[in-house]
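See structure below.
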Amino acid sequence: MRRLIFLSLLFLLVAKPVTAISQFTTDYQISYEVNGSGKTHVKYQIDQTNNLTRVYATEFSLSVSHTNIENLQVKDFTTQIDPDITLIDNITNINFPFKNKIVGKDKTHSFSIEYDTDDIATKTSSVWEVNIPKITTKESINNLEITLKIPTDFPKLVFIDPKPTRILDTTYTFSSNSLANKPISVLFGGEQFFQLNASYYLKNEFSGSVDKTIALPPNTSYQEVFIKNINPAPNNITVDTDGNWLATYTLKAKQELNIQLEQIIKLQFNPQKSSPKNLSRYLESTSVWDFNTPEFQKINTDEIKDPQQIFNFVTNSLVYNYSLINKDPLARQPASFSLEHPTQAICTNFTDLFIALARKNNVPAREIEGFAISKNDKLKPLSLSQDVLHAWPEYFDKTKNTWIQVDPTWSNTTNGVDYFNKLDLNHITFVTHGGDTREPLPAGFYKRPGKNTKDINIQDIDSIIFPPANVQVSLTEQKGNTLFITLTNSAGTALEADLKVNAPNTTTKTLPVYLPPFSNYDIEIDLNSRPIIGKSTKVIILELADTQYTLPVNIEPVFPLNTLLVISLGLLILLLLVIKKVKKNNSVFPVSIKT
């Protein structure tokens, strides 16, 4: 739903008797006024000063990277001009000759361009995003001032970069110094809610029962998920090494199964901290992220080391190829392919090259496949053909102790909008790939063979409060000194917390626990000692997420009653045999003595 704009100012100045852009100095005053519907009125007030006596400009050309502009007006001083407008790919070119010929050193030519566009500000539910890419020009800029005016009823400002020179009510002003040749990114409102409805199709081709899994959109550092309904319910939902939620189903012989999922997904601007167990696996070279190949040895890595430099290299090196949007997303080329064929790139190529270069430079990185909301498929293309999904990378920031998502594809296709320092609130994670780029498959890939159905539907909704996890604790089995306890989460939200175990005759233990929605989790508790004889009843206390669970446990003795009876009977029999033998040895026998 978000639309972005890139403004590329390229001045084609024809001078008499010489042609030289450097012989003009130009002042720019550019204003963006956003109304309540998101329509933005853009106005360029341009003052061009001659630096030489016999040089003047005869034409002007402005290229803007959006596909729809309305109510275009061009004025040379006060004279109205009808410009020529051409659209090439996603670039709109505005060309016109000047009506007035301004000749003479220090003479100033003033003209203006203004129009309306939907590509600056976008509202998704209660969140507003404003993106103004950096100004690019070969001219000598004497002064540049940009103002952004927004409605008074916009939500709270949560992010703005670069910092404005001044703020007056709802007007933000940026000068040449504050811009520092950077795009302007502004976000109003820090969280966003979506409703997801997804369909999955499974089939057992075999003559016996099999277990199959589907991947559900999970919690991540940026998103929290509430499963309102999943029908039929799975046997269990588990978590893999990358944090994916895998729902398991048992299918009988030749059985087909249609699964309907309804989720509420909350996206937040600031990522939560995370503690991956094994970051080293996100530094490995793979068949796709093949940074050990000769192609990568050709790159001068002196200025391609940190994530920002890697992002800039990928964004500037590859060219998005719109003709490849519908290619099979599972036919994955290695990252080295993109170095040799930079014009054959879609989102997976941008993603893979970033990951490979990050890992090469000891920066943990992995791939995300999911759903990104876009109304302009030229500026923000969606490349995976199955339900128009999207791919983007994330890297682990050890200073912030969290995963940071970035989108080099959209920075490229929007000609410079900043998707490194600020990802929008429209990227929804379906699966994360840290090793295998094929498994698990994201939602949208579980289709009935031969059917091109739409299996993903996402709509923005108003904010809601998620219900808490609902955990039950039960003792399932006891073997010797080991107790087997099952934690069951019957709610549609996940729980991640430390479990404290206080058991008799044992020291308090703390175990990390992650319970996805509708999941079962088994833990084992080892008892240091048990009574020799006689069953005893003790109480095990479990503390989880500020909730205490009291679990009475019958602790079996080392020697159960039946065992004791057998041992006692055996000892009694042995004792009787010993007594009998002793009596026999001590018996008096009659002796005949002859004299």
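Only a predicted model underlies this, so the values are computations on that prediction, with no experimental measurement involved.
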task = Could you please spell out the steps behind the salt bridge (charged side-chain N to carboxylate O under 4.0 Å, His left out) verdict for Asp455 and Lys447?
result = CA-CA 8 Å; Asp455 295 337; Lys447 295 183 182 293; 3.1 Å; yes
query = Does the pair Glu205 and Lys212 meet the rule for a salt bridge (charged side-chain N to carboxylate O under 4.0 Å, His left out), with working shown?
reply = CA-CA 11 Å; Glu205 302 284 355; Lys212 287 183 173 288; over 6 Å; no
request  = Under the side-chain contact (heavy atoms from CB on, under 4.5 Å) rule, what do Leu357 and Phe296 come out as? Steps first, then yes or no, please.
outcome  = CA-CA 8 Å; Leu357 286 170; Phe296 280 88; 3.8 Å; yes
request  = Evaluate side-chain contact (heavy atoms from CB on, under 4.5 Å) for Phe269 paired with Leu187, printing each intermediate quantity in order.
outcome  = CA-CA 9 Å; Phe269 175 69; Leu187 183 68; 3.3 Å; yes
query = Going through the distances and angles, do Tyr282 and Phe396 end up as a ring pair (Phe, Tyr, Trp, His ring centres under 6.0 Å)?
reply = CA-CA 9 Å; Tyr282 302 113; Phe396 192 80; 8.7 Å; no
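With 3.5 Å as the limit, one finds a donor-acceptor pair spanning the side chains of Thr486 and Asp522. Neither side chain, Ser274 nor Asn401, offers a donor N or O lying under 3.5 Å from an acceptor on the other. At a cut-off of 3.5 Å, with distance as the only test, a side-chain donor of Asn349 or Ser338 sits close to an acceptor on the other residue. With no hydrogens or angles considered, a side-chain donor-acceptor pair links Ser336 and Asp290 at under 3.5 Å. Side-chain contact, Glu256 with Tyr201: a donor N or O sits under 3.5 Å from an acceptor N or O. Side chain to side chain, Asn470 and Gln472 meet the donor-acceptor criterion of an N or O pair below 3.5 Å.
Without hydrogens or angle criteria, Asn244 side chain to Val431 main chain gives no donor-acceptor distance under 3.5 Å. With hydrogens and angles disregarded, a donor-acceptor distance shorter than 3.5 Å links the side chain of Asn236 to the backbone of Asn520.
The two residues Thr429 and Pro217 have their closest heavy-atom pair at O-CB, 3.6 Å. Nearest heavy atoms, Leu544 versus Asp498: CD1-O, 3.7 Å. The minimum heavy-atom distance linking Ile485 with Leu475 is given by the pair CG1-CD1, 4.0 Å. Contact between Leu389 and Phe430 at its shortest, heavy atoms only, is CD2-CE2, 3.8 Å. A pairwise comparison of heavy atoms in His433 and Trp289 identifies O-CH2, 3.5 Å as the closest pair. Here the closest non-hydrogen pair linking Ile355 and Glu367 is CD1-N, 3.5 Å.
Using a 4.5 Å heavy-atom cutoff, the side chains of Phe337 and Gln344 are in contact.
Taking 4.0 Å as the cut-off between side-chain N and carboxylate O, Lys228 and Glu262 count as a salt-bridged pair. Between Lys422 and Asp161 no salt bridge is recorded (no basic side-chain N to carboxylate O distance below 4.0 Å). Under a 4.0 Å N-O distance rule, the pair Lys298/Glu340 qualifies as a salt bridge.
Separation of atoms CG (Asn312) and OG (Ser317) is listed at 10.0 Å; rounding is to 0.5 Å.
Geometric assessment of Arg366 against the ring of Trp403 yields a positive cation-pi assignment under the 6.0 Å and 45° thresholds.
Among the candidates Ile368, Thr432, Asp436, the single residue satisfying the side chain to side chain contact (heavy atoms under 4.5 Å, CB included) test with Asp242 is Thr432.
Phe354 and Phe311 have perpendicular rings, their planes meeting at more than 60° on a 0 to 90° scale where under 30° would count as parallel. Below 30°, between 30° and 60°, or above 60°: for Trp128 and Phe154 the angle between ring planes is below 30°, a parallel geometry. Classified by interplanar angle (parallel below 30°, tilted 30° to 60°, perpendicular above 60°), the ring pair Trp392/His427 is perpendicular.
In this structure, Phe484 places its CZ atom where more than 12 heavy-atom neighbours from other residues, nucleotides or ligands lie under 6.0 Å away.
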